[in-house]
Visitor: 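Can you read through this structure? Questions will come right after.
Whatever order the structure lists them in is the order used to number ligands and atoms, beginning at 1.
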Amino acid sequence: MTTIRTRNLTKHFGAVHAVQGLDLDVAEGELVALLGPNGAGKSTTLRMLTTLLTPTSGTAQVAGYDVVSDQAAVRRSIGYIGQGNGAGHNQHGRDELVTQGRVYGLSRSLAKTRADELIESLDLAAVADRRVSTLSGGQRRRLDIAMGLIHAPGLLFLDEPSTGLDPQNRANLQEHIRTLRERYGTTVVLTTHYLDEADSMAERVIVVDHGRVIADDPPARLKAALGDRVTLGFASASEATSAVTLVGGSCEGTHVSVPGDDGPALVPSLLRDLDVAGVKVLSATVTQPTLDDVFLSLTGRSLREGASK
Ligand SMILES: Nc1ncnc2c1ncn2[C@@H]1O[C@H](COP(=O)(O)OP(=O)(O)OP(=O)(O)O)[C@@H](O)[C@H]1O
């Protein structure tokens with residue numbers, strides 16, 4: 001069943017066309033990653049879906065409710081972890097979590113149980129009894145995440161959840177999200193700059209650039225569309241040139257690059273053909289495409305370059 005549906009969803013800030021005609025369908029239980037460089041429109045999309053921003057035009061339904069005419073119902077149905085800090089300053093971390101659970105209508109005992117689970121899984125034990133104002137940036141980030149998860153929402157929006165976390169805490173967070181999905185079948189929409197995170201967690205990656213969707217597919221399919229590349233090394237440029245006439249591909253100095261659907265399976269046949277022709281291969285490496293290569297092939301720029309603009 002579709003739990004998020006947008007049609008021609010658009011947001012302009014004056015002359016800035018932040019989101020341009022987004023059509024998005026997310027099924028219940030899916031984990032979808034929005035990937036794109038800074039300024040692509042990811043946060044704006046999330047902020048419209050969570051009712052924090054009103055669309056300029058177009059429609060969006062979340063959990064069956066319209067994000068403009070049914071804001072309260074949308075908010076009750078979702079959890080949202082934005083980029084800023086949500087926790088107050090003077091409360092202790094654990095109290096803040098329990099209070100947040102109570103705001104969402106949990107009983108005190110359930111709020112406490114959930115708070116304890118989150119403190120454990122997000123490695124907050126050492127800081128749960130400290131005042132929020134004394135926590136480090138990464139600790140506050142984890143507390144914010146715990147606050148967004150306390151009511152175990154069926155639909156969870158995470159805006160760059162991993163930014164500011166160290167690798168261990170990124171792994172903890174990913175594990176927690178996996179558990180949530182297994183236990184509650186939670187639908188998750190997240191934005192990320194981490195290609196590996198989108199690759200390993202998301203069933204579907206939606207690549208956004210300049211407010212438009214430029215690709216929408218499972219990560220494996222996006223990468224498979226590009227194919228692999230086998231790079232062969234030779235002792236001289238002339239040997240590399242002869243290799244190209246035998247096996248195809250393109251030559252750069254002493255190296256030849258040959259595209260193929262299945263790089264590892266291609267290597268033995270390339271080596272055999274070149275051996276038969278008496279051309280000695282010094283090295284062979286297989287490169288499989290990353291999501292950054294997908295972005296590069298779609299836009300002519302790297303996500304990293306886009307991020308620095
Ligand atoms: N409140 C606002 N007023 C004016 N312009 C805005 C506002 N919010 C966002 N923008 C602009 O809209 C565009 C999209 O921004 P958005 O934050 O959605 O991008 P993003 O993909 O989430 O980027 P990032 O990866 O940096 O979070 C940018 O050009 C941004 O400067």
Visitor: Only counting residues at least two apart or in another chain, list the ones meeting side chain to side chain contact (heavy atoms under 4.5 Å, CB included) with Asp275.
Guide: none

Visitor: Looking at residues at least two apart in the chain, or sitting in another chain, which of them share a side chain to side chain contact (heavy atoms under 4.5 Å, CB included) with Ser242?
Guide: Thr245

Visitor: Can you list every protein residue that has a heavy atom under 4.0 Å from any atom of ligand 1, sorted by chain and residue number?
Guide: Phe13, Val16, Ala18, Pro37, Asn38, Gly39, Ala40, Gly41, Lys42, Ser43, Thr44, Gln83, Glu160, His193

Visitor: Would you find a donor on one side and an acceptor on the other, under 3.5 Å apart, between the side chain of Ser257 and the backbone of Thr231?
Guide: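 Not at all, since once roles are kept as given, no pair shorter than 3.5 Å links the two residues.
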
Visitor: Who clusters with Leu232? Use side-chain heavy atoms, under 4.5 angstrom, across I, L, V, M, F, W and Y, and order the result by chain and number.
Guide: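 Noted: Leu232 shares its cluster with Val230, Phe234, Val244, Leu246, Val247, Val256, Val258, Leu266, Val267, Leu270, Leu271, Leu274, Val279, Val281, Val286.
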
Visitor: Quick one: does Asp70's side chain have a donor or acceptor within less than 3.5 Å of a partner on Val67's backbone?
Guide: no

Visitor: Can a salt bridge be assigned to the pair Glu30 and Arg204 using a cut-off of 4.0 Å between side-chain N and carboxylate O?
Guide: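 Arg204 and Glu30: salt-bridged.
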
